[in-house]
Colleague: 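One structure, as structure tokens, below. Some questions next.
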There are 2 protein chains.
Amino acid sequence: MTPPLHLSLAGQTVDVLRELVLTGEIPPGERVNEVELAHRLGISRGPLREAIRHLSSEGLLVLVPNKGAHVPKADADEVRALFELRSALECAAAELAASRRTDGDVERLREVCAESRNTHRTGARFPYRLDLAFHQALLDAARSPRIAEQVRLVQQRVVLLRAGLKDDPPHQQASLDDHDALVAAIAAGDTHQANRAMRRHLSRVRAQMLTSLDSA
Amino acid sequence: MTPPLHLSLAGQTVDVLRELVLTGEIPPGERVNEVELAHRLGISRGPLREAIRHLSSEGLLVLVPNKGAHVPKADADEVRALFELRSALECAAAELAASRRTDGDVERLREVCAESRNTHRTGARFPYRLDLAFHQALLDAARSPRIAEQVRLVQQRVVLLRAGLKDDPPHQQASLDDHDALVAAIAAGDTHQANRAMRRHLSRVRAQMLTSLDSA
DNA sequence: CTCATGTTAACTGTCGACAGTTGGCAGTAC
DNA sequence: GTACTGCCAACTGTCGACAGTTAACATGAG
């Protein structure tokens with residue numbers, strides 16, 4: 001579950017290729033040419049193929065027999081399906097966090113919320129980074145590595161979807177309030193409220209993505 | 001999401017190897033020798049490696065750098081972590097099923113329950129097959145392919161765990177009652193009850209597995 | 001002009017061989 | 001007898017080349 005040391009070429013290539021996809025350097029719909037990319041990365045096709053297969057299992061690439069791999073395109077149904085899964089996982093994580101959190105966890109969550117509010121107060125759109133930090137802090141509090149891993153994979157796909165949007169919608173007041181409500185429920189150890197709060201939050205984010213997907 | 005036609009050797013090998021693992025033909029803890037297995041399957045190492053990597057992403061194999069792959073061993077913590085994930089997914093599926101089910105779905109669920117009860121009434125341990133059929137019918141009713149896919153992966157790991165148990169505990173009266181309660185909640189469209197019923201059911205199954213893991 | 005068909009180039013799927021690493025074993029110093 | 005050291009075999013990681021398939025283009029019949 002922890003591959004911090006990537007010695008093998010294939011392992012390194014997974015990270016490199018993942019970055020190429022998430023940054024949009026390989027845009028959605030684009031097909032991946034094995035020989036060209038392998039040459040470009042200075043490696044052989046073997047390790048590259050393994051990396052492609054790996055990212056395909058993460059949902060960042062789609063494999064078509066005899067036609068190679070391509071980056072999946074954003075799609076309304078896809079957003080809905082993805083958020084169903086995300087909601088299932090993160091609502092459960094919120095419940096677990098509410099029942100397992102320590103004082104340190106709550107402190108960390110409040111910290112992230114405060115930083116978000118400060119950034120928002122200055123008028124700046126608070127960066128996506130802080131949103132990810134909040135959800136990460138919540139996952140840490142849930143202490144369920146397996147769920148955390150799955151959430152990471154889903155969030156990755158969400159990042160890919162966001163990259164495909166014309167106007168990257170800022171997280172607004174509503175999201176900040178959602179986060180605060182979540183922290184309150186978690187701090188109180190109220191699993192039911194935590195579940196509900198997360199459900200509301202994700203429902204809002206999903207709606208936001210769907211509207212900005214229509215305008216695209 | 002649907003690769004029913006496996007033309008490539010690698011694709012076929014995934015299925016073959018998966019079966020070898022799930023049936024226990026490659027027992028937990030056993031290391032997989034690439035050259036030997038490739039020769040045994042009559043293929044080259046390339047496709048076999050891809051299949052190994054794929055199954056590793058499904059959690060059916062564990063990869064160790066420069067030391068190859070091996071089948072993971074059953075472990076209490078593993079069971080707990082796995083059921084946390086399973087509960088997150090299947091409870092959500094139960095809710096969705098309760099809100100989306102059609103008459104046909106309910107009929108199918110009742111059908112499976114009836115067959116299970118009949119088998120149980122004859123005194124025979126009702127086969128695991130029927131349990132899987134029930135959960136499959138529930139997933140069909142939920143109409144969330146993404147969640148269904150994840151559940152499939154988790155259930156696969158559960159199957160692997162069961163294979164490692166000395167005494168494969170029969171599903172008893174309690175599980176049958178759980179299933180009936182689930183169907184009732186789903187038929188009534190009661191999402192909250194469906195969620196609770198699934199949670200209870202999985203909690204029971206988990207406890208069952210943990211006890212029979214201790215005795216192993 | 002349209003459609004069918006043969007051809008060809010590009011790409012994926014597969015293979016066999018080489019290189020690098022790991023773990024065990026024997027041999028030797030102490 | 002024990003611990004260290006240097007070999008050795010086995011296995012994984014990587015590479016380059018060949019085979020099979022696909023899709024597009026050109027060509028010719030209707």
Side-chain angles (χ1 to χ4, degrees), chain A residues 1-21 25-73, chain B residues 1-21 25-73:
Chain A
M1 207 62 72
T2 54
L5 271 300
H6 283 321
L7 312 101
S8 71
L9 264 182
Q12 292 175 252
T13 305
V14 168
D15 291 343
V16 173
L17 190 52
R18 182 188 285 122
E19 218 58 24
L20 287 177
V21 172
E25 201 151 336
I26 301 178
E30 177 115 336
R31 276 187 50 188
V32 177
N33 185 321
E34 292 185 2
V35 290
E36 181 220 329
L37 186 54
H39 187 265
R40 195 171 127 204
L41 296 177
I43 61 174
S44 177
R45 278 180 59 212
L48 176 60
R49 278 178 69 91
E50 288 187 4
I52 289 175
R53 297 305 198 270
H54 187 95
L55 290 186
S56 148
S57 81
E58 289 190 3
L60 257 46
L61 289 176
V62 177
L63 251 47
V64 183
N66 291 319
K67 286 177 63 177
H70 63 89
V71 181
K73 281 185 178 174
Chain B
M1 206 60 75
T2 54
L5 271 299
H6 284 320
L7 311 102
S8 71
L9 264 181
Q12 293 175 251
T13 306
V14 167
D15 292 343
V16 173
L17 190 51
R18 181 188 287 122
E19 218 58 24
L20 286 177
V21 172
E25 200 151 338
I26 302 178
E30 178 115 336
R31 275 186 52 187
V32 176
N33 186 320
E34 292 185 2
V35 290
E36 181 219 330
L37 185 54
H39 187 265
R40 195 171 125 203
L41 297 177
I43 61 175
S44 176
R45 279 180 58 212
L48 176 59
R49 277 177 70 90
E50 288 187 4
I52 289 174
R53 298 305 199 268
H54 187 96
L55 290 185
S56 149
S57 80
E58 289 190 3
L60 256 47
L61 289 175
V62 177
L63 251 48
V64 184
N66 292 320
K67 285 177 65 178
H70 62 89
V71 182
K73 280 184 179 174

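Per chain, numbering begins at 1; letters A, B, ... match sequence-line order.
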Colleague: Hey, does B/V64 reach any base, or is it just sugar-phosphate, or nothing, if we go heavy atoms under 4.0 Å?
Modeller: nothing
Colleague: Quick check for you: among C/dG16, D/dC11, D/dG13, whose closest atom lies nearest to any side-chain atom of B/S44?
Modeller: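 Shortest atom-to-atom distance from the side chain points to C/dG16.
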Colleague: Between D/dT14 atom P and A/H39 atom NE2, what is the distance in whole Å?
Modeller: 18 Å
Colleague: Roughly how many Å is it from CD1 in B/I43 to C1' in C/dG16, rounded to a whole number?
Modeller: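 Interatomic distance, CD1 of B/I43 to C1' of C/dG16: 14 Å.
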Colleague: Mind listing the residues from residues 45-61 of chain A sitting with a heavy atom below 4.0 Å of DNA chain C? Number order is fine.
Modeller: A/R45, A/R49, A/R53
Colleague: Output the single nucleotide from C/dC15, D/dT12, C/dT12 whose closest atom is nearest the side chain of B/L9.
Modeller: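 Per side-chain heavy atoms of B/L9, the pick is C/dC15.
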Colleague: Do any side-chain nitrogens or oxygens of B/K67 fall under 4.0 Å of OP1 or OP2 in D/dC11?
Modeller: no
Colleague: After noting the C-alpha distance and the side-chain angles of B/H54 and B/E50, does the key distance pass the side chain to side chain donor-acceptor pair (under 3.5 Å) rule?
Modeller: CA-CA 6 Å; B/H54 187 96; B/E50 288 187 4; over 6 Å; no
Colleague: How many whole angstroms separate atom CD of A/E34 from atom P of D/dG16?
Modeller: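 Interatomic distance, CD of A/E34 to P of D/dG16: 15 Å.
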Colleague: Does a side-chain heavy-atom distance below 4.5 Å link A/L48 with A/L17?
Modeller: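 Heavy-atom side-chain distance check passes, below 4.5 Å.
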Colleague: With side chains defined as the heavy atoms from C-beta onward, is the minimum distance between A/R18 and A/L55 less than 4.5 Å?
Modeller: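 A side-chain contact under 4.5 Å exists here.
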Colleague: Could you work out, with salt bridge (charged side-chain N to carboxylate O under 4.0 Å, His left out) as the rule, every residue matching B/E19, not counting sequence neighbours?
Modeller: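 B/E19 satisfies salt bridge (charged side-chain N to carboxylate O under 4.0 Å, His left out) with no residue once adjacent residues are dropped.
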Colleague: Between C1' on C/dT12 and CG on A/L37, what's the gap in Å once rounded to a whole number?
Modeller: 14 Å
Colleague: Are any of the side-chain heavy atoms of B/L37 and B/R40 separated by less than 4.5 Å?
Modeller: yes
Colleague: Within this structure, what is the CG-CG distance for the pair A/L9 and A/L41, rounded to the nearest 0.5 Å?
Modeller: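 If I round to the nearest 0.5 Å, the distance is 9.5 Å.
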Colleague: If the cut-off is 4.0 Å, is B/N66 near the phosphate of C/dG23, judged by side-chain N/O to OP1 or OP2?
Modeller: no
Colleague: CG of B/L63 versus C1' of D/dG13: gap in Å, rounded?
Modeller: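 Distance check: B/L63 CG to D/dG13 C1' gives 12 Å.
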